Amino acid sequence: MEMLPDLWKEDYWLPPGVTWRDMEQMGDSNRPRPLDLLIALPLALGFVALRYMFERFVAPPMARCLGVKNRFQVTAAPSPNLESFYIQNRREPTQSEMEGLMLSCRKTQRQIETWFKRRRSQDKPSKTKKFGEAAWRFFFYLTAFVAGLSCLVDKPWFWDLRECWRQYPFQPMERAHYWYYMLELGFYGSLLLRISVDVKRKDFKEQVVHHLATIFLLSFSYCANYIRIGTLVMLLHDSSDILLEPAKMFNYGAGWRRSCDTLFVMFAVIFLVTRLVIFPSKIIHTTLVLSMEVFEPFAGYYFFNILLMVLQGLHIFWAKLILHMVYKFLKGKF
């Protein structure tokens with residue numbers, strides 16, 4: 001019980017010399033409060049419900065318009081012993097295990113190998129499922145980017161990063177930025193809630209780390225009133241995601257190869273510029289260096305920058321994957 005009060009010590013969240021009592025002078029409606037974050041949970045559940053409705057009623061007609069069709073699959077014949085082994089191990093049986101299965105199932109090795117191949121194929125997500133997931137993310141990222149840009153483009157810190165720290169931490173919070181934060185936080189919370197049923201890709205572990213780091217980053221930056229720089233981080237990330245998801249959608253369709261390739265190249269360029277150039281040279285630079293013009297380092301300063309470094313590490317990992325895909329794309333073209 002004693003740890004909870006310690007968690008909210010001013011030394012962790014606020015610059016030296018600033019107390020929570022000082023922050024209260026701004027008034028409840030003008031300052032971020034930790035309890036505000038509780039609304040993210042019902043928002044996350046709301047996003048899960050909205051996504052279900054979207055993927056059920058909106059995505060299917062979109063998929064038909066783009067010619068998305070699932071491949072015909074031959075299902076594995078019912079076999080309790082093989083099914084039990086498959087569920088428990090999720091891999092090919094070893095030679096000794098194969099011999100045991102051959103005896104218990106009275107099948108040849110070739111028949112068992114064929115069964116496992118068909119069973120693995122059944123677990124692969126269909127094109128329509130992948131399309132629905134990509135369409136939902138595109139819908140959110142586009143909405144978030146447009147809304148974020150509209151509420152930031154006329155703000156001084158959008159054009160001059162030093163404004164992120166002017167009079168910090170006594171910076172009144174606008175209602176639009178409050179909802180921008182809560183909706184993004186609720187969305188990433190919904191991704192974690194559905195992570196067990198979503199399409200598992202090669203970068204599954206990195207995606208989990210990304211979602212967790214993003215939630216911690218948004219939560220901490222909100223409580224510490226890092227809202228100005230936090231809004232810029234969100235906008236920067238959404239700027240490339242709005243191109244990746246439609247590229248996936250066209251990739252799942254039939255006859256849209258040129259559109260898919262064009263969008264992917266545009267995504268790759270914007271991703272590399274925003275994540276490998278602008279993010280470290282502008283965002284991380286302003287949090288590490290420019291902020292020191294206003295206050296001395298404190299625990300929150302280090303924690304926030306560590307989270308930004310984690311995101312940058314993920315950016316580098318994904319940039320390698322993207323460059324590899326670009327190389328394969330250009331190799332196929334020429």
Side-chain angles (χ1 to χ4, degrees), residues 124-125 129-145 148-149 184-185 187-218 221 229-252 259-288 304-333:
K124 291 181 179 179
K129 178 177 174 60
K130 292 180 180 179
F131 180 90
E133 182 177 307
W136 163 249
R137 295 193 184 205
F138 171 64
F139 170 75
F140 176 82
Y141 290 138
L142 180 61
T143 304
F145 179 75
L149 184 62
E184 288 270 1
L185 191 57
F187 175 74
Y188 282 102
S190 72
L191 293 183
L192 279 182
L193 291 176
R194 281 190 50 102
I195 203 162
S196 61
V197 296
D198 278 347
V199 176
K200 287 183 172 58
R201 306 183 186 277
K202 294 180 180 179
D203 60 346
F204 172 76
K205 293 181 180 179
E206 289 76 14
Q207 286 284 359
V208 174
V209 173
H210 173 268
H211 298 340
L212 290 173
T214 300
I215 290 173
F216 278 116
L217 186 71
L218 292 175
S221 63
I229 193 66
T231 54
L232 296 180
V233 171
M234 292 187 291
L235 188 69
L236 188 73
H237 281 73
D238 291 339
S239 64
S240 59
D241 291 334
I242 59 176
L243 292 172
L244 175 61
E245 301 307 329
K248 293 179 182 178
M249 293 164 63
F250 282 119
N251 182 52
Y252 301 139
S259 299
C260 172
D261 293 343
T262 301
L263 284 169
F264 177 75
V265 170
M266 292 172 61
F267 157 75
V269 171
I270 293 178
F271 182 96
L272 296 174
V273 171
T274 56
R275 308 293 181 93
L276 299 188
V277 179
I278 297 177
F279 188 80
S281 67
K282 298 296 183 181
I283 301 297
I284 294 181
H285 177 261
T286 191
T287 58
L288 276 175
F304 186 73
N305 281 288
I306 287 173
L307 291 176
L308 291 181
M309 296 297 183
V310 171
L311 287 183
Q312 185 58 28
L314 293 172
H315 295 165
I316 295 172
F317 169 81
W318 282 317
K320 291 181 179 178
L321 296 181
I322 292 169
L323 289 174
H324 180 68
M325 294 174 68
V326 170
Y327 171 76
K328 291 173 62 177
F329 169 75
L330 294 176
K331 187 176 180 181
K333 289 290 183 181

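Positions are given from 1, in the same order as the sequence printed here. Since the model is a prediction, treat every value here as computed from it, not as a measurement.
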Q) For V233 and L218, what are the C-alpha separation, side-chain angles and deciding distance, and is it a side chain to side chain contact (heavy atoms under 4.5 Å, CB included)? A) CA-CA 10 Å; V233 171; L218 292 175; over 6 Å; no

Q: Apply side chain to side chain contact (heavy atoms under 4.5 Å, CB included) to M249 and L263, showing your working.
A: CA-CA 10 Å; M249 293 164 63; L263 284 169; over 6 Å; no

**Q.** Chi angles and distances behind the side chain to side chain contact (heavy atoms under 4.5 Å, CB included) call for L212, Q207
**A.** CA-CA 9 Å; L212 290 173; Q207 286 284 359; over 6 Å; no

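In this structure the side chain of N251 never reaches within 4.5 angstrom of the side chain of F264, judged on heavy atoms. When side chains are defined from C-beta on, L217 counts as touching L308, because their heavy atoms get closer than 4.5 Å. Considering only heavy atoms from C-beta on, T274 stays 4.5 Å or farther from F279 through its side chain.
In terms of the side chain to side chain contact (heavy atoms under 4.5 Å, CB included) criterion, residue partners of F216 (sequence neighbours excluded) are, by chain and number, L307. Under the side chain to side chain contact (heavy atoms under 4.5 Å, CB included) criterion, K200 pairs with F204, not counting sequence neighbours. Under the salt bridge (charged side-chain N to carboxylate O under 4.0 Å, His left out) criterion, K248 pairs with E245, sequence neighbours left out. Take L276 and apply the side chain to side chain contact (heavy atoms under 4.5 Å, CB included) test, not counting sequence neighbours, and it matches L272, Q312, H315, I316, A319. Residues satisfying the ring-ring contact (aromatic ring centres under 6.0 Å, His included) criterion with F271, sequence neighbours excluded, are F267.
To the nearest 0.5 Å, the span separating NE2 on H237 from CG on L232 amounts to 12.0 Å. A distance of 10.0 Å separates CH2 of W318 from OG of S240, quoted to the nearest 0.5 Å. The OG atom of S239 sits 7.5 Å away from atom CD1 of I278, with the distance rounded to the nearest 0.5 Å. Atoms CG and OG, from L185 and S221 in turn, are 9.0 Å apart once rounded to the nearest 0.5 Å. T287 contributes atom OG1, which lies 4.0 Å from atom CG of N305 (distance to the nearest 0.5 angstrom). Expressed to the nearest 0.5 Å, how far CG of L236 lies from CE of M234 amounts to 11.5 Å.
Formation of a donor-acceptor pair under 3.5 Å by the R194 side chain with backbone atoms of G189 is not found in this model. Using modelled atom types, no side-chain atom of T286 and backbone atom of I283 make a donor-acceptor pair closer than 3.5 Å.
Considering all non-hydrogen atoms of both residues, A247 and C260 come closest at O-SG, 3.4 Å. What you find for G148 and L235 is that their closest heavy atoms are C-CD1, 3.9 Å. The two residues K129 and V197 have their closest heavy-atom pair at NZ-O, 3.2 Å.
A salt bridge links R275 with D241: the closest approach of a Lys/Arg side-chain nitrogen to an acidic carboxylate oxygen falls below 4.0 angstrom.
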Can you give the donor-acceptor pairs under 3.5 Å from side chains of residues 131-142 to other protein atoms, not counting sequence neighbours?
| from | atom 1 | to | atom 2 | distance (Å) |
| --- | --- | --- | --- | --- |
| E133 | OE1 | V199 | N | 3.2 |

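Residue-environment remark: NZ (K282) stays at or below the threshold of 12 foreign heavy atoms within 6.0 Å.
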